[in-house]
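I have placed the structure first, in the form of structure tokens, so that the comments after it can refer back to it.
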Amino acid sequence: MASSSPPPRVESLSKPVQQLVVNGGEVLEKYIYRNTDDGPIGVSFPVMEVPIIDLGLLFKSSSSSSSPAGEAELGKLRSALSSWGCFQAINHGMTSPFLDKVREVTKKFFALPMEEKQKYSRALEDIEGYGNDTVFTEHQTLDWTDRLFLQVSPEDQRKLKFWPENPETFRDTLNEYTEMLRRLSEIVLKAMARSLNLELEDTCFLNHCTEGASMRTRFNFYPICPRPDLILGLKPHADGSAITFLLQDKEVEGLQVFKDGQWVVVPIIPEAILINLGDQSEIISNGIFKSPLHRVVTNSERERISVATFLLPHPDMEIEPANGLVNEQRPRLYKKVKNYTSLYFHNYQQGKRPIDTVKI
């Protein structure tokens, strides 16, 4: 079994990007991304149509009166998660005005005066709250983004001192959004198992994300960047979650996925939620589904926001390939692991792909 190592020693918190006073190139130096192995930054990349999945059809396919259209959508889901590791979810039950409301409270929070936002600043060794990267090493490259990171479930683990009271509608909006995502996660996780023909283990993904599982929401703000050719909003990474729900900015692109050896731009579909497979679901699928490498580029003319919600199994939950997906033709590809999130952050800060540490 892979075990998690102690987290690296915390040295300091970086200042919010909004607070930076760029004086020459001195301050920017910490943000310049120098890993040329991950490909260029400030060039034009192709826009590719990420698969679109109708969640209404997936829901119908789970009933006793499954339709041919529902079965076809399951096939599309399997193909999307095997080749892309993500998809644009439509017909998910949230109206466009409501999604705009989520975007609006995000923009309003980051538009507050700095002293108001800093009421919710996170502590040195706490991931929750407002701020930016924790600085572990002198040579660490920082992301050009400010964040508000909140645990939203279980409810008894919420730290409400970090939940903004301004804008006034922030808390109620987040509550409603979280509940809707919780319902969506059940539909998606069940459909993932059905798409793999796991009749005896049709809740194998869902069972890892029920008792003791958590949801964490990260509100992201990407300020205008003077050097988008050198600086990334978010370094290349795959998520350590089971699945991630991403609400993109309605107008400004920035998310890129690594597909077929190149970075491609994920287009904006304003009414869609982008659902991204995390490492833990790749493990459960025994590598059939892929946890995609992705990054965020910066913009010299426009600010950008996004809202990411991560569904995470309980740290004590053992994550391993489903029995029905292990056979002579496809042997077990991953070790059994607990507390993957801790292992994830430890390796991510060292520039390693965390899932590689649990491959057999």
Side-chain angles (χ1 to χ4, degrees), residues 8 10-48 50 86 106-107 110-111 114 117 130-149 218-239 246 248-249 251-268 274 276 292-308 344-345 347-354:
V10 173
E11 294 187 352
S12 64
L13 292 173
S14 59
K15 290 182 179 180
V17 177
Q18 283 181 291
Q19 196 179 18
L20 289 179
V21 177
V22 179
N23 193 3
E26 185 177 349
V27 176
L28 283 179
E29 191 70 20
K30 299 177 182 178
Y31 294 86
I32 294 175
Y33 190 72
R34 304 183 187 280
N35 189 347
T36 56
D37 292 341
D38 289 325
I41 299 175
V43 299
S44 179
F45 290 94
V47 178
M48 294 183 67
V50 175
C86 61
T106 304
K107 291 179 180 178
F110 287 110
M114 184 58 65
K117 291 195 290 285
Y130 167 72
N132 197 312
D133 289 349
T134 299
V135 181
F136 294 107
T137 67
E138 181 183 352
H139 303 293
Q140 180 178 331
T141 303
L142 304 179
D143 293 327
W144 192 264
T145 178
D146 293 334
R147 312 178 184 106
L148 176 67
F149 197 98
R218 191 180 70 204
F219 298 85
N220 304 303
F221 177 75
Y222 302 95
I224 290 173
C225 179
R227 294 301 304 268
D229 57 324
L230 297 175
I231 295 172
L232 287 170
L234 203 57
K235 292 183 287 292
H237 68 288
D239 291 344
L246 181 71
Q248 292 208 78
D249 192 294
E251 298 177 349
V252 185
E253 292 176 340
L255 178 65
Q256 297 180 348
V257 171
F258 197 69
K259 176 80 165 62
D260 297 332
Q262 66 175 338
W263 290 103
V264 298
V265 177
V266 176
I268 294 171
L274 185 78
N276 192 65
L293 196 66
H294 53 284
R295 69 182 187 181
V296 175
V297 296
T298 51
N299 193 301
S300 62
E301 298 178 352
R302 302 188 68 180
E303 300 170 342
R304 179 178 178 270
I305 59 98
S306 67
V307 182
Y344 174 89
F345 281 112
N347 284 275
Y348 174 70
Q349 294 298 344
Q350 296 182 39
K352 300 176 182 177
R353 182 83 194 266

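Because only heavy atoms are used, hydrogens play no part in the values below, and waters and symmetry mates are left out as well, while side chains stay in.
Taking both residues in full, the closest heavy atoms of Asp249 and Val252 are given as OD1-N, 3.1 Å, listed atom of the first, atom of the second, then distance. Closest approach of Leu148 to Phe110, counting heavy atoms only: N-CZ, 4.0 Å.
Put simply, the residue from Thr298, Leu232, Leu230, Val17 that forms a side chain to side chain contact (heavy atoms under 4.5 Å, CB included) with Tyr31 is Val17.
Gln262 places no side-chain N or O within donor-acceptor distance of the main-chain N or O of Phe45, the cut-off being under 3.5 Å. Listed for the Lys235 side chain is a donor-acceptor partner under 3.5 Å among the backbone atoms of Thr141. One N or O on the side chain of Tyr344 and one on the backbone of Ala238 form a donor-acceptor pair closer than 3.5 Å. Without hydrogens or angle criteria, His294 side chain to His237 main chain gives a donor-acceptor distance under 3.5 Å.
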In residues 219-229, what donor-acceptor pairs under 3.5 Å come from side-chain atoms, sequence neighbours left out?
| residue | atom | partner | partner atom | Å |
| --- | --- | --- | --- | --- |
| Asn220 | OD1 | Arg218 | NE | 2.8 |
| Asn220 | ND2 | Ser306 | OG | 3.0 |
| Arg227 | NE | Asp229 | OD1 | 3.0 |
| Arg227 | NH2 | Asp229 | OD2 | 2.8 |

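When side chains are defined from C-beta on, Trp144 does not count as touching Asn299, because their heavy atoms never get closer than 4.5 Å. Annotation: side chain of Val257 is not in contact with side chain of Val50 (no heavy-atom distance under 4.5 Å). Side-chain contact between Val266 and Leu274: present, with at least one pair of heavy atoms (C-beta onward) separated by less than 4.5 Å. A heavy-atom distance below 4.5 Å is found between the side chains of Gln248 and Arg304.
Scanning for side chain to side chain donor-acceptor pair (under 3.5 Å) contacts around Arg147 gives Asp133, Asp143, with sequence neighbours left out. Asp146 is linked by a side chain to side chain donor-acceptor pair (under 3.5 Å) to Asn132, counting only residues two or more places apart in sequence or in another chain. For Phe258, the ring pair (Phe, Tyr, Trp, His ring centres under 6.0 Å) criterion is met by Trp263, not counting sequence neighbours. Residues satisfying the side chain to side chain donor-acceptor pair (under 3.5 Å) criterion with Glu301, sequence neighbours excluded, are absent altogether.
For the atom pair CD of Glu29 and CZ of Arg34, the computed distance is 4.5 Å after rounding to the nearest 0.5 Å. To the nearest 0.5 angstrom, Leu293 atom CG is 10.0 Å from Asp239 atom CG. One distance of note links CD of Gln140 with NZ of Lys30; it measures 10.5 Å at 0.5 Å rounding. Ile231 CD1 to Thr145 OG1: the interatomic distance, rounded to the nearest 0.5 Å, is 12.5 Å.
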